2 protein chains.
Amino acid sequence: MRIDDDRLSGSSGPGAARGATGRTRRIAPTSKDVARVAGVSQSTVSYVMSGKRPISERTRRLVLDAIEELTYEPHAGARALAGRRTNVIGLMVPFHTADAASGLMAFAEEIAVVARAHDHDVLMLTAAEGPSGLARVERRAMCDAVIAMEIATEDPRAELARELTMPVILIGVPARHEGLHCVDFDFESAAQLLVDELADAGCREVAVLGWAQERAALGINYIPRFRERAAARAAERGVRLRWVSTSHDRAGVETYLDAVLGAGEPPGLLALHSPHDLGAALQQRGLVPGRDLDLVSLCTDDDAEVQPVPPTAVSPQPRDVSRLAMTWLLELLDNGNDTPAELRLVEARLTRRGSVRRPG
Amino acid sequence: MRIDDDRLSGSSGPGAARGATGRTRRIAPTSKDVARVAGVSQSTVSYVMSGKRPISERTRRLVLDAIEELTYEPHAGARALAGRRTNVIGLMVPFHTADAASGLMAFAEEIAVVARAHDHDVLMLTAAEGPSGLARVERRAMCDAVIAMEIATEDPRAELARELTMPVILIGVPARHEGLHCVDFDFESAAQLLVDELADAGCREVAVLGWAQERAALGINYIPRFRERAAARAAERGVRLRWVSTSHDRAGVETYLDAVLGAGEPPGLLALHSPHDLGAALQQRGLVPGRDLDLVSLCTDDDAEVQPVPPTAVSPQPRDVSRLAMTWLLELLDNGNDTPAELRLVEARLTRRGSVRRPG
DNA sequence: GATCGTCGTCGATGCGCATCGACGCTGACG
DNA sequence: CGTCAGCGTCGATGCGCATCGACGACGATC
């Protein structure tokens, strides 16, 4: 079926450019074209698409058929202009952290997929633009809402979020988050779960393979949050916690093991990173978690499963976080952004894989 | 300075919503507001911003001051509607490949940064949408051009790209790419460089640690491209090439080494993946590249540098590829998309790091 | 001093859609 | 058979900007 099919006494069809502007270009059909083909008015086409007024079944069919015939899709700019709604979600991504790249991709993908499922698109913003990037997309009316990832403890974007008219969801927990919509993984209960698991196994000493210093220095706030809760819980359970900050490569792991494995009973190990090198290093030393020592980890399930001895672990699920963020955001868009601001955390769950000796 | 400052006998300023639509909302200032404050007409404001007509210095200053005072930014939808230009680039990302996640992020970041530097934004599309995703953004006029990443040999998006009016740049080389704008890393000359390097060192046998089967099965076309050129070059140089496909984890690497390291002189090693585990495995066996055997790799410089013995390598630079793609795209947008379609490859360069024994 | 060209500015128009008020038409009910 | 209340559709309008034609002012030219 040709696109420039004309049913009524119309002007030139949408298939050709109006006027003599050089060669014939394909022009996208408009709702007026649809109306002409369906034999109704343009406003009726609009109401069929939005459902904001009752339309008879007969007319509906006529219009929908015309839409399909012309493969019509509404012009995003015109819709944004007239409807004050872009159907675009801004996503501010922290590129610099090559570290968490795979988690980041999973996060972004989930956002994109959920957005598309609700007929929205995703505009990719970089954290490098900072708060002015957020202000810009709002003033230009480029999106209806924004999700900003990896919010630091002191983050100017968090302050600006208060000024904006559009909904903003922050991934992370800034220092003063009253009046802000924040989502994050529950690192505090993760800390508690992991410490408890080792304490239950009878560990009195726990050596933590911590995040690298440079990462902590970025103000990534889940690190102190995890750390403080772990310390508090360890104190409650009568466990001595020892933090060992080192790099995460093989050499760093070796340093860590050298430092914590003296003579006598080895301490419980708590690994706060992808346990790849740790598993190999332990294997090389003939140490089997669950047999010779106790090991828990904070790592994704995927990472855990590929270990020589998959560790009992709590997995920060980027997909869960992004799904929660998107669900909330869509809710805010529907309700006109008057849902109370608060902090929503994704529940931490421990998966036991036998890297901890169970008493009894 | 209040935002609703009024210079002329105007109606209500832009600071408050018109009419009695409930509470007073902040409304973004329009070019008409700027015109009123500057004491000129709206069209003059437009011409100041676009520079498409000469404007006296005095008027320019008045307008620019008003723009700054109101923190005016043009409404993206209105601009797209009137100007037939969105200043948005679509980027279709292949999320599923968790494999190359870090390279993917680097690619996307570079796209975003270059786009912003030219006052463009980036709309993130998922490969899951397939060709219809491309058609959709064109018909809805959501972007001016698209970059589609990781194009397979037989890719429906490549076929659709021919039909589209807007410029499309494909990252990868589909089977029939006449009339398409394609960009990729030059895997063929990379193959040649790597084979030559080993041949020059006197290797008569080369064992290739290849890409995993499942990856090759996706139709990622650079694999056969690399493979064929490597085979051809090896034949020219009198080198016997032996492909060993295995997984890329530590176990797979061990299998590989077991398979290729018999008695006698070890073959040259060509590693087509992140050489992390390979370096550790060699180290454990007491084998030092550059002393006991010859090793070259196709891996990023970052990956190479963190090895126990950094290998001589060719690095596929995602940033170079994306920069080339963006440069070309902006050129296409300026020229009205009449630049001839062709295939542009990013030059492969070999970095010597002493993992190959140099004769003489 | 009249004419012409150029520069700088303005008013009007249209982009494609959503929305509002108006209105004709149908069926139910008195 | 007349009246009335929806239901379903239409025409008109405006969203904010880019662009076109028109035109006034000014200096140069004869």
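Since we're looking at a predicted model, the values are computed, not measured. In what follows, every chain begins at residue 1, and chains take the letters A, B, ... in the order their sequences are listed.
Using a 4.0 Å cut-off between a side-chain N of Lys or Arg and a carboxylate O of Asp or Glu, A:R140 and B:D119 qualify as a salt bridge. Using a cut-off of 4.0 Å between Lys/Arg side-chain N and Asp/Glu carboxylate O, B:E73 and A:R136 are scored as not salt-bridged. Salt bridge annotation for B:E154-B:R176: present, with a cationic side-chain nitrogen under 4.0 angstrom from a carboxylate oxygen.
Side-chain nitrogen and oxygen atoms of B:S41 include at least one within less than 4.0 Å of the OP1 or OP2 phosphate oxygen of C:dC10. OP1 or OP2 of D:dA18 lies within a sub-4.0 Å distance of a side-chain N or O belonging to B:S46. Between A:K52 and the phosphate of C:dT19, there is a side-chain N or O to OP1/OP2 separation shorter than 4.0 Å.
For the segment residues 72-82 of chain B, residues with any heavy atom less than 4.0 angstrom from an atom of DNA chain C are, sorted by number, B:L81, B:A82.
Put simply, CD on A:Q42 is 7 Å from C1' on C:dG16, counting in whole angstrom units. If you measure from atom NZ of B:K32 to atom P of D:dC17, you get 10 Å, rounded to the nearest angstrom. In this structure, A:R85 atom CZ and D:dC15 atom C1' are separated by 17 Å, rounded to whole Å. Note: CG (B:D33) to C1' (D:dC15) measures 13 Å, nearest angstrom. Atom CG in A:N87 sits roughly 13 Å away from atom C1' in C:dC17 (whole-Å rounding). B:R84 has its CZ atom 13 Å from the P atom of C:dG14, to the nearest Å. In this structure, B:M142 atom CE and C:dC17 atom P are separated by 14 Å, rounded to whole Å. As rounded to whole Å, 13 Å separates atom P of D:dC17 from atom CZ of B:R36.
The side chain to side chain donor-acceptor pair (under 3.5 Å) check on A:E68 picks up nothing, with sequence neighbours excluded. Judged as a side chain to side chain donor-acceptor pair (under 3.5 Å), and not counting sequence neighbours, the contacts of A:E109 are A:R319. When the salt bridge (Lys or Arg N to Asp or Glu O under 4.0 Å) test is applied to A:E163, no partner is found at least two apart in sequence or on another chain.
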Practice task
Walk me through it: do A:M124 and A:V93 pass the test side chain to side chain contact (heavy atoms under 4.5 Å, CB included)?
Solution key: CA-CA 7 Å; A:M124 194 172 72; A:V93 190; 4.0 Å; yes

Problem - Pair B:D121-A:L125, side chain to side chain contact (heavy atoms under 4.5 Å, CB included): steps then yes or no - result: CA-CA 8 Å; B:D121 275 275; A:L125 308 171; 3.7 Å; yes

Handout entry: Evaluation steps, side chain to side chain donor-acceptor pair (under 3.5 Å), between A:S43 and A:S46
Key = CA-CA 5 Å; A:S43 57; A:S46 183; over 6 Å; no

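You'll find that the side chain of B:T30 is closest to D:dC17, out of C:dC17, D:dC17, C:dG8.
A distance-only check finds no donor-acceptor pair linking the side chain of A:T44 to the backbone of A:V40 [under 3.5 Å].
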Dump the pairs, protein N or O against N or O of nucleotides 23-26 of chain D, anything under 3.5 Å, distances to one decimal.
none

Detail all sub-3.5 Å separations between protein N/O atoms and N/O atoms belonging to nucleotides 20-24 of chain C.
residue, atom, partner, partner atom, Å
C:dC20, N4, A:Y47, OH, 2.8
C:dG21, N7, A:R53, NH2, 3.2
C:dG21, O6, A:R53, NH1, 2.3
C:dG21, O6, A:R53, NH2, 3.3

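When each of A:V48, A:L62, A:V63 is checked for a side chain to side chain contact (heavy atoms under 4.5 Å, CB included) with A:I55, only A:V48 meets the rule.
Atom CD1 in A:I147 sits 6.0 Å away from atom CD1 in A:I169 (nearest 0.5 Å).
When each of A:S31 and B:S56 is assigned the nucleotide of DNA chain C with its nearest heavy atom, B:S56 is the one assigned upstream, toward the 5' end.
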